[in-house]
Q: 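Structure in structure tokens, see below.
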Amino acid sequence: MLSHIHPWRPLRFPIKSLIPSALGSLIFTKPSVSAAMITADEDPTAHNYPTDADAFISNPTDPVRQILTFFTRKHDSSSHCFRTLVLKLNQLQVDKIIDNLEVENPESAIEFFHLMRNEYGCRHSIASQFVIAHIFAGKRRFKELRSFLLEILQEEGSGSAPSLSELLWNRFGDWDSNGVVWDMLAFAYSRSEMVHDALFVLAKMKDLNLRPSILTYNSLLYNLRHTDIMWDVYDDIKASGIPRNEYTNSILIDGLCRQSLLQEAISFLRFSDGEETRPSVSSFNSLMSKFCTVGYLDVAKSFFCMMFKYGILPDSYSYNILIHGLCVAGSMEEALEFTDDMERHGLEPDVVTYNILAKGFRLLGLMNGAWKIIHRMLLKGLNPDIITYTMLICGHCKAGNIEEGFKLRKEMLSRGFQLNGISYTVLLSSLCKMGRVNEAFCLLPEMESIGLKPDIVMYSILIHGLCKQGEVQKAIQLYNKMCLRKILPNSFAHSAILLGLSDKATLLEARMFFDTLTESELMEDIVLYNIMIYRYAKVGKISEAIQLYKQIIEKGISPSIVTFNSLLYGFCRRRKLAEARVWFDAIEAHGLVPSAITFTTLMNALCEEGNIFGMFEMLYKMEERAVEPTNVTYTVIIKGLCKQKRLQESLQLLEEMHAKGISPDEITYNIIIHCLCRARDMRKAFQLHNEMLRCNIRPSPVTYNVLINGLCVYGDLNDADRFFSSLQNQNVGLTKVAYTTLIKAHCAKGDVGKAGILFHQMVQKGFDISVRDYSAVINRLCKKNLTTKVKVFLRMMLSDGISLDQENSFVMLNAFHQVGDLNSEFELLAQVIKCGLFPD
């Protein structure tokens, strides 16, 4: 018998509790094979040098003893005999083998455990796994023990602490190193973020008078640092008498900072100063980081200085925290000074430091500064990482320099980096904003080739881009594709399609899409209702808009100020100011505050009605409620003043806008310039034009139309010609109105030659020329009885394929009749009759 050579220690727990009821069921994933019948026991001393087969034949009736003999004699585990025998083992036999090997040869127990699991697919019992855990603990192989227990917990999952604790105590309570396994189990639960299980194990340890390590307490404290429970853990640490280390206090301070309990964090720092464990650099870093986050940079810097007082040297992370805070605040000069100070104290800035600085310049829109930082980094021998490239791509794209963004993308790919989702999202967004949607779609295959799938943000950007280009049907197809991929569309995607349909299609189609969303309850979003209400209000369908408002109230959706602004706009557009005021009063009843748009909408309606007093009354209400006027508000007031020819007040209001830092736009200037032209003050009108250029406000075509018309009607036509020519030389994009204004002026003056030249220029520019354009010239020539020139323009009109109309035909017939040009009169009359324009 092998028992006198390999004594087997009996199991220390009832077998019934550890093995499955069906003991004969196999525990392997691989099929078992039949073993040869083995007949008789043999004396183990009969063979000095047995073969593998001899080893197994020596104990023909007990596979457990045969396996134990095999491991004692160090035979080859890949032999056929061993494999045949192993495949017939059941769960109980495996447990017995591991338990015996733990006594005789612990390393063999570990070897057999891994062999059975890795080679034969054996799923070990928890009891066997705890045997191996105790072997690791006994041999102080703590790293392996930790990994081993983490594997167990991945398998057992959350809520397994009660059963494992019961087994650990009942089966292994008197084993050496049992306390170590308990402690490491609590630690493993904490590391696996199974906090409640970890707390359960610690409570059991307390009952059993087992002492957790500070490592376990720190891990649990770390996981609970965002809750009040961390104080309970901390009190347990103090009560246990376990010496705290610097990480204990650092974790607690970090937790207080995360909970925004900054005063408590500072108090704890002062309290810990009198203890054996003094504050660490981590504690100061946590405080500095939080104070930087909330914008108290000066306080953060004071803690930085305090470290030196405690004899603590800041680390790279300390400097990076302050540098990041300064960069976010836009204090780039001071951030660079801290970087220099970092080097003076023997700390080399790393890639993280340079990325922070480069991002700081990017946030300010100073990409040249960002590139200088990158060059500085390269001179230090550091290479940009994916964060560097992503930041630079974002910066250039935001600045509108998408080509530079694509150059960086190409450089990234050439250096073996793969773009991340952020980079692709920024590139897609920039392309779509520039109307290059087809190019944006070309990025999708590249993304998918590296395993990145478009997310809801990317789909929404593409849908919005398509809708902006008027390709609403393509946007809907993409929307459907997104839904098929089980990506739930968001409000942005829905809004883009709804806006696209209401802009490019019909309100009926937009309403059908809207009803599909709201009826299926996919999205009960006030934004969608606001879009439809505004579209109805814009086209004057105020009853439909009110119907949707009632639907909002019925569904329990809270209307927003945008809802009321849209309704107000609809009533004002229909000149129903009494109803508009009723809706204005209803805003506060819903707990909302009227916005600048609310007041400005009503003020504009009053201005259009000529009720300037009412407009100013609304302005006073706006000021009473501390609602700041916008540039649109000022523009409306200026328009009202100009209507009353109160030019001086308008100009004073324009100066007030500049003084308050409110930028007027070209519409503001156009209103005043138009008023100045009508007042025949062309000098002041051009002064305002020059002021626009100085303020980097680009004059619109309307600005030039107003000035040219002013010179033609109220000034000197020669000045108008010179101004027009100078604009042409500057390649200013003039509209057809500028040409027709000058043509009419020259016709009225009788300078048909100049009018003809301008007309030819207008045609060459590719403008659409209609019968009305020719009629405007012909009518003025007829008034001057310049019938020869009339016939020139008539031939031009007919050669351009533009047919006569009744009005200009009779104007020309009358002119020919008055000058006695009967031939021309009869020829034209014949043409009129032929075209069917002669009245019955």
Side-chain angles (χ1 to χ4, degrees), residues 3 6-23 25 27 64 67-68 71 89-114 116-117 122-142 144-189 192 194 197-213 216:
S3 58
H6 302 291
W8 175 61
R9 184 171 65 186
L11 298 178
R12 299 187 180 88
F13 64 102
I15 292 175
K16 189 182 294 184
S17 66
L18 292 175
I19 59 175
S21 58
L23 291 179
S25 61
I27 57 171
V64 172
I67 294 291
L68 291 172
F71 273 97
L89 292 172
N90 61 31
Q91 183 76 69
L92 176 60
Q93 290 168 328
V94 172
D95 287 348
K96 287 174 69 177
I97 291 168
I98 291 173
D99 199 67
N100 274 272
L101 288 173
E102 182 269 329
V103 175
E104 298 299 327
N105 190 346
E107 288 297 335
S108 294
I110 297 171
E111 181 186 348
F112 177 71
F113 180 92
H114 289 305
M116 294 297 292
R117 185 181 65 180
C122 173
R123 184 172 179 178
H124 289 287
S125 68
I126 295 297
S128 289
Q129 293 181 74
F130 271 148
V131 169
I132 301 302
H134 280 79
I135 294 172
F136 284 136
K139 291 181 172 291
R140 304 185 65 81
R141 289 157 64 173
F142 300 128
E144 291 173 85
L145 174 60
R146 181 169 60 248
S147 301
F148 187 74
L149 288 175
L150 286 170
E151 287 179 14
I152 293 175
L153 297 189
Q154 283 179 3
E155 183 74 23
E156 296 300 311
S158 179
S160 58
S163 59
L164 294 188
S165 297
E166 183 180 1
L167 174 61
L168 193 56
W169 173 244
N170 291 336
R171 167 70 169 85
F172 301 95
D174 59 347
W175 281 40
D176 296 336
S177 306
N178 184 245
V180 176
V181 175
W182 275 98
D183 180 59
M184 196 62 78
L185 181 64
F187 176 82
Y189 270 124
S192 302
M194 302 179 194
D197 290 276
L199 290 170
F200 183 91
V201 174
L202 283 178
K204 280 291 183 183
M205 291 178 72
K206 195 173 181 180
D207 293 341
L208 299 171
N209 291 320
L210 296 174
R211 190 174 177 181
S213 66
T216 300

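Predicted model, so just to flag it, every value in this text is computed and none were measured.
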Q: Is it the case that more than 12 heavy atoms not belonging to Arg117 sit under 6.0 Å from its CZ atom?
A: yes
Q: Please lay out, stage by stage, how Lys139 and Leu145 fare under the test side chain to side chain contact (heavy atoms under 4.5 Å, CB included).
A: CA-CA 10 Å; Lys139 291 181 172 291; Leu145 174 60; over 6 Å; no
Q: Is a donor on one side and an acceptor on the other found under 3.5 Å between the side chain of Tyr189 and the backbone of Val201?
A: no
Q: If only side-chain N and O atoms count, and only distance matters, is there a donor-acceptor pair under 3.5 Å linking Ser213 with Thr216?
A: yes
Q: Taking all atoms of both residues into account, what is the closest heavy-atom pair of Ala186 and Ala198, and its distance?
A: O-CB, 3.7 Å
Q: Do the non-hydrogen side-chain atoms of Ile132 and His124 ever get within less than 4.5 Å of each other?
A: no
Q: Ignoring hydrogens and angles, tell me if any N or O in the side chain of Asp183 forms a donor-acceptor pair with the backbone of Pro212 under 3.5 Å.
A: no
Q: Would you say Ser125's side chain and Ser128's backbone share a donor-acceptor pair under 3.5 angstrom?
A: yes
Q: Looking only at heavy atoms, which two atoms of Gly159 and Pro162 are closest? And how far apart?
A: O-CD, 3.5 Å
Q: Taking the side chain as every heavy atom from C-beta outward, state whether Leu164 and Leu153 have any atom pair closer than 4.5 Å.
A: yes
Q: Can you check whether Phe113 and Phe148 have ring centres sitting under 6.0 Å from each other?
A: yes
Q: For residues Leu168 and Ser165, determine if any side-chain heavy atom of one lies less than 4.5 Å from a side-chain heavy atom of the other.
A: no
Q: Would you mind reporting whether Leu167 and Phe130 have side-chain heavy atoms less than 4.5 Å apart?
A: yes
Q: Output the distance between atom CD (Gln154) and atom CE (Met194), rounded to the nearest 0.5 Å.
A: 7.5 Å
Q: How many angstroms lie between atom CG of Asp207 and atom NZ of Lys204, to the nearest 0.5 angstrom?
A: 6.0 Å
Q: Using 30° and 60° as the class boundaries, would you call the ring planes of Trp175 and His134 parallel, tilted or perpendicular?
A: perpendicular
Q: Using side-chain heavy atoms (C-beta onward) and a distance below 4.5 Å, is Leu101 in contact with Ile97?
A: yes
Q: With heavy-atom distances below 4.5 Å as the criterion, would you say the side chains of Val180 and Phe142 are in contact?
A: yes
Q: Counting only heavy atoms not in Asp176, do more than 12 fall under 6.0 Å of its CG?
A: no
Q: Measuring only between side-chain heavy atoms, which start at C-beta, is Asp197 closer than 4.5 Å to Leu185?
A: no
Q: Do you know which two heavy atoms are closest between Leu150 and Ala188, and how far apart they sit?
A: CD2-O, 3.5 Å
Q: Could you tell me whether a side-chain N or O of Glu144 sits under 3.5 Å from a main-chain N or O of Phe136, the two making a donor and an acceptor?
A: no
Q: So, taking the atom named CG in Leu149 and the one named CD in Glu156, what distance separates them when rounded to the nearest 0.5 Å?
A: 11.5 Å
Q: So do the side chains of Leu89 and Met116 get within less than 4.5 Å of each other, counting heavy atoms only?
A: yes
Q: Check for a donor-acceptor pair, side chain of Asn170 on one end and backbone N or O of Glu166 on the other, with a separation under 3.5 Å.
A: yes
Q: Treating Glu155 as the side-chain partner and Ile152 as the backbone partner, does any N or O pair qualify as donor plus acceptor under 3.5 Å?
A: no
